[in-house]
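Read the structure below first, then the notes.
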Amino acid sequence: FYWYSQVAEQGYASAQFNVANGYYYGIGTNKNLEQALHWFEVAAEGDFVNAQYNLAIMYRRGEGVEIDNTKALYWYTRAANLDYVPAQLNLARLYEFGVGTERDLTLAQKWYEKAANQLNPEAQFYLADFYERESDSNEALDFYKKSADQGFVGAQARLSVLYHKGYLVQQNDTEALRWALMAANQNDAESQFLAGSIYHKSLQIEQSLPNAVFWYEKAASNGQAQAQYNLASLYLNGEEVEQDTNKAFALYEQSATQGLADAQYAVALAYLRGQGVKEDSQEAVEWLTKAAKAGHELAQYSLALRYQLGQGVDKDLEQQYYWYQKSALQGNVEARYNVALLLLTGDGIDQDAKTALSTLLDLSTQGHALSHYQLYLIYSTGELFEKDDDLAKIYLLKAAESGHSESQYQLGKRFFDQVVNKDAVYWLNLANKQNYTPAETLLSKIDQIQQITQIVFDKQEPVPVITKMPAAPVVPASVKVTK
């Protein structure tokens, strides 16, 4: 460092640059960003391009000086005019996003192209990215391929995504996998995940769970959250790997801590069920809350249910309604039904029977069995709306036909009360198959009645059969009867 300093004082730009680096990184001397800035600037004035570039970075980041994007633009421009590709790329970005200058897409494109025309694969990638964002799909695809053919991992990864999604090109998982494997072999985690996903689920290639597991493992070890989640699901179900709920939970948790809502919900379920971890309702609620706040529909529904049941958390009607409503707004049918029930009764919220009825009617048209049954109760009791026995019967039948065990029992009971035992037995048997205890009790009663009826019938005296005696023969008048 001493000798560099001596030569730098004599005006040699390369020595000035080395002194600046020494101060910047603390090599051979104490780290001193102000001195680094000074010597970079001295070397930069002498058109030492690396010094110009580093000086621009220091002004851009505010290292040893206040952030000054105008000066950063100036020094990037000086270096870019000397055909320094990294400076041309950064200058293009400043013009594209209007940093330190007015936004100017023409100048942005100019500097991206200057860098790319030097056959720099990174520059080609960023030019392709610029074209893609500016909706020039042909140019974007062309430069992505140029960059990818030179082995630039970012371009290979992007091409794999474009082919997989069918964006800018015709959807083609074979091509997607080809590019994904190139990037995956360069340890790109997203491409490793995509390769695993294509092997796992694509209908366009021969699926291979062993290959899927291989690439999921690679991506998961590189911290790719979705790969960790998918791999966890395979371990949970024992697909292509030996079932291991402990490993599944560990992978779910790794993914969940990165904020993946599906994984957070999976962790919550594991705590609720005691799969791979000790059952813990409070931990389950914590993870459900994280997933629910991230917009996970099923987590929102399950969290509402915890507040309803008081499982892992105190019962809270307001929170119950809040999370059912959140889930319902995403189309969760069961959540919509529960919101309707709360509006119907006014538990913890303002009662709104008309809205509740409208929701139940809509759910009924979708074949929702519990809504059928609730409408039966509404019209059969007449407590909130005008009583209508005909509608009540219709909705009871709909609920029974939808497999609702209590409705099947109620319908069977109605037939029993009307002494229509054949139909009664039919519906009661359906309810009994679902282990609905009252149905079994009533079936036993019907069986007893039938047995008693048969006994009584068997003990009755037989009724004699009376046959008509034949009339006496008529004797013709011409025939003489002798005694």
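All values below come from the heavy atoms of this structure, side chains included, with hydrogens, waters and symmetry mates left out.
Taken to the nearest 0.5 Å, the OG1 atom of Thr101 stands 8.5 Å off from the CG atom of Leu94. Atom CG of Asn172 and atom CG of Leu177 lie 10.0 Å apart (nearest 0.5 Å). In this structure, Phe152 CZ and Phe125 CZ are separated by 6.0 Å, a value rounded to the nearest 0.5 Å. Atom OG1 of residue Thr245 and atom OH of residue Tyr252 lie 11.0 Å apart, to the nearest 0.5 angstrom. Of the inter-residue distances, the one linking Tyr76 atom OH with Asn69 atom CG reads 9.5 Å to the nearest 0.5 angstrom. Note that the OG atom of Ser407 and the CG atom of Leu430 stand 12.0 Å from one another [nearest 0.5 Å].
Among Ser202, Ser160, Ser197, the one residue that satisfies the side-chain hydrogen bond (donor to acceptor under 3.5 Å, both in side chains) test with Asp173 is Ser202.
Here the side chain of Gln228 pairs a donor or acceptor atom with the backbone of Ala220 at under 3.5 angstrom. The closest donor-acceptor contact from the side chain of Ser255 to the backbone of Ala225 lies under 3.5 Å. Between the side chain of Gln171 and the backbone N or O of His164, at least one donor-acceptor pair lies under 3.5 Å. No side-chain donor-acceptor contact under 3.5 Å links Glu175 to the backbone of Leu159. Judged by distance alone, with hydrogens and angles left aside, the side-chain atoms of Gln224 form a donor-acceptor pair with the main-chain N or O of Gln226 at under 3.5 Å. Not one N or O on the side chain of Gln408 forms a donor-acceptor pair closer than 3.5 Å with the backbone of Ala439. Glu297 contributes no side-chain N or O that, together with a main-chain N or O of Ser327, makes up a donor-acceptor pair within less than 3.5 Å. When atom types are taken as modelled, the side chain of Gln311 and the backbone of Arg306 share no donor-acceptor pair closer than 3.5 angstrom. A donor-acceptor pair under 3.5 Å is absent between the side-chain atoms of Ser364 and the main chain of Leu360, judged by distance alone. Using a distance-only test at 3.5 Å, with no hydrogens or angles considered, a donor-acceptor pair links the side chain of Ser221 to the main chain of Lys218.
The nearest pair of heavy atoms linking Trp215 to Gly196 is CB-N, 3.7 Å. Residue Ser191 comes nearest to Ala183 through the heavy atom pair OG-CB, 3.1 Å, listed as atom of the first residue, atom of the second, then distance. For the pair Ala261 and Ala291, the tightest heavy-atom approach, listed with the atom from each and the gap, is O-CB, 3.7 Å. Counting all heavy atoms, side chain and backbone alike, Leu343 lies closest to Asp350 at CD2-O, 3.9 Å. Between Pro121 and Ser147 the shortest heavy-atom distance is O-OG, 2.7 Å. Residue Leu303 comes nearest to Ala292 through the heavy atom pair CD2-CB, 3.9 Å, listed as atom of the first residue, atom of the second, then distance.
Between Tyr409 and Trp427 the shortest side-chain heavy-atom distance does not fall below 4.5 Å. Between Leu209 and Leu234 there is a side-chain heavy-atom pair separated by less than 4.5 Å. Side chains of Arg103 and Val99 form no contact here, defined as non-hydrogen atoms less than 4.5 Å apart. At a threshold of 4.5 Å between non-hydrogen side-chain atoms, the residues Ile67 and Arg61 do not count as touching. Tyr144 places a side-chain heavy atom less than 4.5 Å from the side chain of Leu162. Here the side chains of Ile198 and Tyr163 are not in contact, with every heavy-atom distance at 4.5 Å or above. Put simply, the side chain of His372 does not reach to within 4.5 Å of the side chain of Glu401, judged on heavy atoms. No side-chain heavy atom of Leu309 sits less than 4.5 Å from a side-chain heavy atom of Lys315.
Remark: Lys146 is positioned above the aromatic ring of Phe143, its terminal NZ or CZ atom under 6.0 angstrom from the ring centre and at most 45 degrees off the axis. The side-chain tip of Lys326 does not point at the ring of Trp323 from less than 6.0 angstrom away and within 45° of straight on.
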### Task
For side-chain contact (heavy atoms from CB on, under 4.5 Å), just list the numbers for Lys110 and Thr106, CA-CA rounded to whole Å, side-chain angles, deciding distance to a tenth of an Å, and then say yes or no.
CA-CA 6 Å; Lys110 167 192 168 182; Thr106 301; 5.8 Å; no
### Task
Show the numbers, then the answer: is there a side-chain hydrogen bond (donor to acceptor under 3.5 Å, both in side chains) between Glu134 and Gln109?
CA-CA 10 Å; Glu134 294 304 311; Gln109 183 175 342; over 6 Å; no
### Query
Can you list the steps and then say if Tyr112 with Phe130 is a ring-ring contact (aromatic ring centres under 6.0 Å, His included)?
CA-CA 8 Å; Tyr112 278 130; Phe130 174 80; 5.3 Å; yes
### side-chain contact (heavy atoms from CB on, under 4.5 Å) between Glu318 and Tyr321, intermediate numbers included
CA-CA 5 Å; Glu318 288 185 5; Tyr321 175 74; 6.0 Å; no
### Message
Using the rule given for ring-ring contact (aromatic ring centres under 6.0 Å, His included), can you reason through Tyr301 versus Tyr324, listing the C-alpha separation, both sets of side-chain angles and the distance that settles it, and then say yes or no?
### Response
CA-CA 6 Å; Tyr301 174 78; Tyr324 274 141; 5.6 Å; yes
### Task
Would you sort out whether His296 and Gln264 count as a side-chain contact (heavy atoms from CB on, under 4.5 Å), showing the intermediate values?
CA-CA 9 Å; His296 195 281; Gln264 291 169 339; over 6 Å; no
### Query
Is there a side-chain contact (heavy atoms from CB on, under 4.5 Å) between Gln374 and Leu341 once you walk through the steps?
CA-CA 9 Å; Gln374 197 61 44; Leu341 290 188; 3.6 Å; yes
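By the neighbour-count criterion of 12 heavy atoms within 6.0 Å, atom CD of Glu102 is sparsely surrounded, having that number or fewer from other residues, nucleotides or ligands. More than 12 non-hydrogen atoms from other residues, nucleotides or ligands lie less than 6.0 angstrom from CD of Glu239.
Between the side chains of Gln118 and Gln88, at least one donor N or O lies within less than 3.5 Å of an accepting N or O. Residues Gln192 and Asn187 have side chains that bring a donor and an acceptor to within less than 3.5 angstrom of each other. Counting only N and O atoms by type, the side chains of Tyr229 and Gln254 include no donor and acceptor under 3.5 Å apart.
Aromatic rings from Tyr271 and Phe249 are positioned such that their centres are separated by under 6.0 Å.
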Expected list for residues 382-398: side-chain donor-acceptor pairs under 3.5 angstrom, two or more places apart:
residue : atom : partner : partner atom : Å
Asp388  : OD1  : Asp390  : N            : 3.2
Asp388  : OD1  : Leu391  : N            : 3.0

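Classification of Asp362 and Arg336 as a salt-bridged pair holds, one side-chain N sitting under 4.0 Å from a carboxylate O. Salt-bridge check for Glu132 with Arg158: passed, with a basic side-chain N closer than 4.0 Å to an acidic carboxylate O.
Ring pair His200/Tyr216 is perpendicular by interplanar angle, where above 60° counts as perpendicular and below 30° as parallel.
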